[in-house]
Structure formats: C-alpha cells, structure tokens
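In this chain, numbering begins with 1 at the start of the sequence shown. Heavy atoms only: backbone and side chains are in, while hydrogens, waters and symmetry mates are out.
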Amino acid sequence: MQEKQINYRAVILILLIIAGLVVLLLLNRNRSYNNSVKIVPIEVGLPAPDFAFPGMDGKMVNLSDFRGKVVLVNIWATWCSSCVDEMPSMEKLYQKLKGENFEILAVSIDSLGEKVVASFMKKYKLTFPALIDSAGAIRMGYRTTGVPESFIIDKDGVLVKKIIGPLDWTKSETLHLFQRLIQKPRAGK
C-alpha cells in the first residue's frame with residue numbers, strides 16, 4: 001500500500017514539473033516576442049503584418065511607412081551562406097528599381113545586431129536598408145522556418161508572394177513581377 005502511494009506521488013510530482021515547464025516555455029516565448037510584430041495570419045492575399053525595427057541609424061522603421069510602395073522584406077543573417085549568395089542580386093534589383101515606388105527592407109536576425117550587420121553591408125557594398133531584429137521577433141510574426149525568407153508586399157500592404165530560400169533577384173521574371181506591381185494602381189485609387 002505504501003509503495004502505491006509513493007508511485008502516485010512520484011507520478012503527480014512528474015506531471016506538475018512537466019506542467020510547470022510548459023507554462024514557463026509559453027511565458028518566455030511571449031516575453032521574448034517584444035511586440036515588434038503583430039501575430040496575424042500570414043497568407044498570400046492578406047495584409048502583411050506590420051513591424052517596427054531600428055535601422056542602421058538607430059531610427060525605428062515601420063513596414064507601414066512604405067504604404068504606396070512595393071516592398072521586398074528579406075529576413076536574413078550574416079552567418080547564413082545562402083543569404084550571402086543572394087545579397088548581390090538583391091543589390092542589383094535595388095539599383096535597377098531605385099527611384100520607383102519600390103523598397104527593400106532587409107531584416108537581420110543576427111543576435112550581435114548592428115555591429116556585425118554594418119560591417120557585412122559595407123563588405124558586400126549593399127546600399128538597401130537593413131533593419132536590426134536581434135531578438136528574432138519577425139520569425140514568429142512572419143512564421144519563418146529559416147533564412148533567407150522573402151516576402152513581396154504590394155502598394156496596399158498585401159502579401160503577394162512568399163519565397164523560402166535564396167533567389168536570384170535579377171531573373172527577368174522576377175524583375176517583371178516587381179515592375180507589374182509598381183505600375184499597378186493602389187486599390188481604391
């Protein structure tokens with residue numbers, strides 16, 4: 001009889017420990033999220049979640065600041081070899097469409113932040129805006145599975161396309177997609 005009581009107590013203790021760990025994990029996940037990105041469904045045809053991250057100058061940049069422009073949001077890291085591979089083609093795309101209703105927002109999830117991103121941007125001669133998300137909050141809001149992942153957002157803030165993995169941004173079909181989106185009038189205008 002006493003053995004059964006000990007076994008029940010052990011089982012109850014183990015269940016309480018597991019429940020406590022689950023609660024701690026959920027609380028920690030919510031705390032680290034830091035409200036930089038709203039959690040909403042991210043699907044083609046729906047508005048892209050707004051976010052606010054500091055740029056290289058320390059000023060906060062919101063996705064919504066670019067309403068009226070086609071935006072390429074690229075989530076990347078300096079340690080990601082695929083990201084390094086695609087960055088030169090992103091720069092070429094940026095230079096080709098610069099001055100039109102187009103912007104690139106390259107959101108770095110590097111934990112070391114601005115220090116490593118600034119030297120990376122300089123080394124690879126990248127001139128498009130880089131934003132710093134050292135906490136990786138955008139990964140939850142945009143439901144990414146890795147880096148690089150890119151999101152093409154139209155002038156009305158609607159997600160047009162999600163790209164998982166690196167891409168050659170200089171391909172003619174990609175350029176044509178951006179040009180069509182740039183030329184398309186905003187909804188209701």
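Placement of V71 and I104 in two distinct hydrophobic clusters is found when ILVMFWY residues are connected by side-chain heavy-atom separations under 4.5 Å, directly or transitively. If you chain together hydrophobic residues whose side chains sit under 4.5 Å apart, F128 and V116 fall into the same group. By the criterion of side-chain heavy atoms lying less than 4.5 angstrom apart, applied directly or through intervening Ile, Leu, Val, Met, Phe, Trp or Tyr residues, M87 is grouped together with M121 in one hydrophobic cluster. Residues M90 and V147 do not share a hydrophobic cluster, clusters being chains of Ile/Leu/Val/Met/Phe/Trp/Tyr side chains in contact below 4.5 Å. Under the 4.5 Å side-chain heavy-atom criterion for grouping Ile, Leu, Val, Met, Phe, Trp and Tyr, V84 is not connected to L131 through any hydrophobic cluster.
Ring-plane geometry between F102 and Y94 is classed as tilted, the angle between the planes lying from 30 to 60 degrees on a 0 to 90 degree scale.
When all heavy atoms are compared, the tightest approach of L72 to S150 is CD1-CB, 3.8 Å. When all heavy atoms of P148 and E86 are compared, the closest pair comes out as CB-OE2, 3.1 Å. The shortest non-hydrogen separation linking V117 to M56 is CG1-SD, 3.7 Å. Across all non-hydrogen atoms, the minimal contact from L159 to K161 is CD1-O, 3.4 Å.
Using a 4.5 Å heavy-atom threshold, the side chains of V160 and V44 count as separate. Considering only heavy atoms from C-beta on, I75 comes within 4.5 Å of F151 through its side chain. Contact of the W169 side chain with the L175 side chain is not registered, since no non-hydrogen atoms from C-beta on lie closer than 4.5 Å. Using a 4.5 Å heavy-atom threshold, the side chains of E103 and L105 count as touching. Side-chain contact between I42 and P49 is present, with heavy atoms from C-beta onward closer than 4.5 Å. V107 is not listed as a side-chain neighbour of N74, based on a closest heavy-atom distance of 4.5 Å or more. Side-chain contact between P166 and C83: absent, with no pair of heavy atoms (C-beta onward) separated by less than 4.5 Å. In this structure, the side chains of T174 and L167 come closer than 4.5 Å at one or more pairs of heavy atoms.
Distance alone, capped at 3.5 Å, is enough to place a donor-acceptor pair between the D156 side chain and the A187 backbone. Between the side chain of K155 and the main chain of I182, a donor-acceptor pair closer than 3.5 Å is present. Judged purely by atom type and a 3.5 angstrom limit, D110 has no side-chain atom pairing as donor or acceptor with the backbone of L112. Although no hydrogens or angles enter the test, the distance criterion places no donor-acceptor pair under 3.5 Å between the side chain of D133 and the main chain of I109.
No hydrogens or angles considered: nothing links the side chains of S64 and N62 as a donor-acceptor pair under 3.5 Å. Using modelled atom types and a 3.5 Å distance limit, the side chains of E149 and T145 yield a donor-acceptor pair. Checking Q95 against T127 by side-chain atom types alone, a donor-acceptor pair falls below 3.5 Å.
Remark: K98 NZ to L93 CG distance equals 12.5 Å, nearest 0.5 Å. The CG atom of L177 sits 4.5 Å away from the CG atom of L181 when rounded to the nearest 0.5 Å. For the atom pair CE (M60) and CD1 (I132), the distance works out to 11.5 Å, reported to the nearest 0.5 Å. Of the inter-residue distances, the one linking Q179 atom CD with E100 atom CD reads 6.5 Å to the nearest 0.5 angstrom.
The pair K125-E91 does not count as a salt bridge, with every side-chain nitrogen at least 4.0 angstrom from each carboxylate oxygen.
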(request) Under the ring-ring contact (aromatic ring centres under 6.0 Å, His included) rule, what do F120 and W79 come out as? Steps first, then yes or no, please. (result) CA-CA 10 Å; F120 181 93; W79 44 261; over 10 Å; no

(request) Would you check, one step at a time, whether the test side-chain contact (heavy atoms from CB on, under 4.5 Å) holds for I153 with V70? (result) CA-CA 6 Å; I153 301 164; V70 175; over 6 Å; no

(request) Assess whether side-chain contact (heavy atoms from CB on, under 4.5 Å) is satisfied between F51 and V61, documenting all intermediate values. (result) CA-CA 8 Å; F51 57 75; V61 176; 5.8 Å; no

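Annotation: K96, atom NZ; neighbour count of heavy atoms from other residues, nucleotides and ligands within 6.0 Å does not exceed 12.
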